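Predicted model, so just to flag it, every value in this text is computed and none were measured.
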Amino acid sequence: MNIKFIRFGSLMTLYNGIYAIIYGILILIFSKLIITEYFRKNPIPWSLFTVNFQYPAKLYYSLILSHGFLLISLGIFIIYLSYFILKRKDKLAWLVLFSSGVISWASLFIIHVAIGSLIITILSFIGWVSFIIGMLIPIRYYLGKEYKVF
């Protein structure tokens, strides 16, 4: 397999990690707006919910903040492993990145589809698809690569 394809796939996942960090920062910055969008379908608006149910409102807000911080940590993880794969073309690192990234991005997408937030669902879908494409480009190389025998 052409080494340019392997490099392109690793660069695509590296940019996906940068996208995850930016996505997490945007969630942290616009957390109040995201919560009010979630509560649009609710019979009680967010402003009344925070007054009447202070503790559950804090829980909702902390869930949004943890979502943002987890996206930032996922982005750092993806960047680190993608850079490692770029330098060493290691099969185990590729397998760890593939399994963790697919599960993380797919779960974010499924959760946002269930919640019904269109903007966040689209952003999660973009992250998931770009990650999958970046991982599928060099898949033949990594599946055919053998481990070293010690």
Side-chain angles (χ1 to χ4, degrees), residues 1-42 46 50 55-150:
M1 172 170 251
N2 195 349
I3 214 75
K4 289 181 184 179
F5 285 123
I6 299 165
R7 186 169 179 78
F8 179 70
S10 296
L11 283 174
M12 195 162 183
T13 55
L14 185 95
Y15 293 139
N16 181 270
I18 294 169
Y19 174 80
I21 291 173
I22 292 170
Y23 180 22
I25 290 170
L26 289 176
I27 284 178
L28 293 176
I29 292 171
F30 297 112
S31 58
K32 298 272 188 190
L33 181 67
I34 292 169
I35 288 178
T36 55
E37 183 194 349
Y38 285 158
F39 271 77
R40 262 190 209 148
K41 296 177 183 174
N42 221 357
W46 177 250
T50 56
Y55 184 71
K58 288 180 183 177
L59 288 176
Y60 277 111
Y61 191 66
S62 66
L63 283 172
I64 291 292
L65 291 178
S66 65
H67 180 189
F69 285 119
L70 284 172
L71 267 169
I72 292 170
S73 66
L74 174 68
I76 292 169
F77 178 74
I78 290 173
I79 289 171
Y80 176 76
L81 280 180
S82 296
Y83 186 73
F84 187 80
I85 291 169
L86 268 171
K87 294 298 176 192
R88 298 208 177 118
K89 293 168 191 57
D90 186 49
K91 182 178 181 176
L92 184 60
W94 183 85
L95 286 172
V96 169
L97 182 61
F98 183 78
S99 59
S100 63
V102 167
I103 291 169
S104 301
W105 280 114
S107 63
L108 281 173
F109 176 65
I110 291 168
I111 287 169
H112 291 303
V113 166
I115 291 174
S117 172
L118 183 64
I119 295 169
I120 303 291
T121 302
I122 291 171
L123 290 174
S124 297
F125 183 73
I126 291 169
W128 186 35
V129 168
S130 65
F131 183 82
I132 291 293
I133 291 170
M135 294 305 290
L136 289 180
I137 289 172
I139 195 168
R140 284 196 298 159
Y141 171 76
Y142 287 111
L143 291 180
K145 189 175 181 179
E146 296 294 327
Y147 286 112
K148 293 180 182 177
V149 178
F150 294 104

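Surrounding CD1 of Ile119 are at most 12 heavy atoms belonging to other residues, nucleotides or ligands under 6.0 Å away.
Within the structure, the ring-ring contact (aromatic ring centres under 6.0 Å, His included) test picks out the following pairs touching residues 57-93 (sequence neighbours left out): Phe39-Tyr60, Phe49-Tyr60, His67-His112.
Here the side chain of Ser104 pairs no donor or acceptor atom with the backbone of Gly101 at under 3.5 angstrom.
To the nearest 0.5 Å, atoms CZ (Arg7) and CD1 (Ile137) are separated by 13.5 Å. Expressed to the nearest 0.5 Å, how far CD1 of Ile110 lies from CD1 of Ile115 amounts to 12.5 Å. Here the CD1 atom belonging to Ile34 is positioned 10.0 Å from the CG atom belonging to Leu65, to the nearest 0.5 angstrom. Remark: Leu63 CG to Leu59 CG distance equals 6.5 Å, nearest 0.5 Å.
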| query | Would Phe109 and Trp105 count as a ring-ring contact (aromatic ring centres under 6.0 Å, His included) if you check the C-alpha gap in whole Å, the side-chain angles of each, and the deciding distance to 0.1 Å? | reply | CA-CA 6 Å; Phe109 176 65; Trp105 280 114; over 10 Å; no
| request: Go through Ile25 and Ile21 one step at a time and tell me if the side-chain contact (heavy atoms from CB on, under 4.5 Å) criterion holds. | output: CA-CA 6 Å; Ile25 290 170; Ile21 291 173; 3.9 Å; yes
| said: I'd like to know whether Leu123 forms a side-chain contact (heavy atoms from CB on, under 4.5 Å) with Leu26, so could you lay out the CA-CA distance, the side-chain angles of the two residues, the decisive distance to 0.1 Å, and finally the verdict. | reply: CA-CA 11 Å; Leu123 290 174; Leu26 289 176; 5.8 Å; no
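Using a 4.5 Å heavy-atom threshold, the side chains of Leu97 and Phe131 count as touching. Residues Thr13 and Ile85 form no side-chain contact, since every pair of their non-hydrogen atoms from C-beta on lies 4.5 Å or further apart. Residues Met135 and Val102 form no side-chain contact, since every pair of their non-hydrogen atoms from C-beta on lies 4.5 Å or further apart.
A donor-acceptor pair shorter than 3.5 Å can be found between the side chains of Tyr23 and Ser124.
Contact record, Leu14 with Ile79: CD1-O, 3.6 Å, taken as the closest heavy-atom pair. The minimum heavy-atom distance linking Gly9 with Pro138 is given by the pair CA-CD, 4.2 Å. Of all non-hydrogen atoms in Ser82 and Ser10, the two that sit nearest each other are CB-O, 3.7 Å. The two residues Ser31 and Ile64 come nearest to each other via the heavy atoms CB-CG2, 3.5 Å. Considering all non-hydrogen atoms of both residues, Gly24 and Leu71 come closest at CA-CB, 3.8 Å. Contact record, Gly127 with Ser130: O-OG, 3.1 Å, taken as the closest heavy-atom pair.
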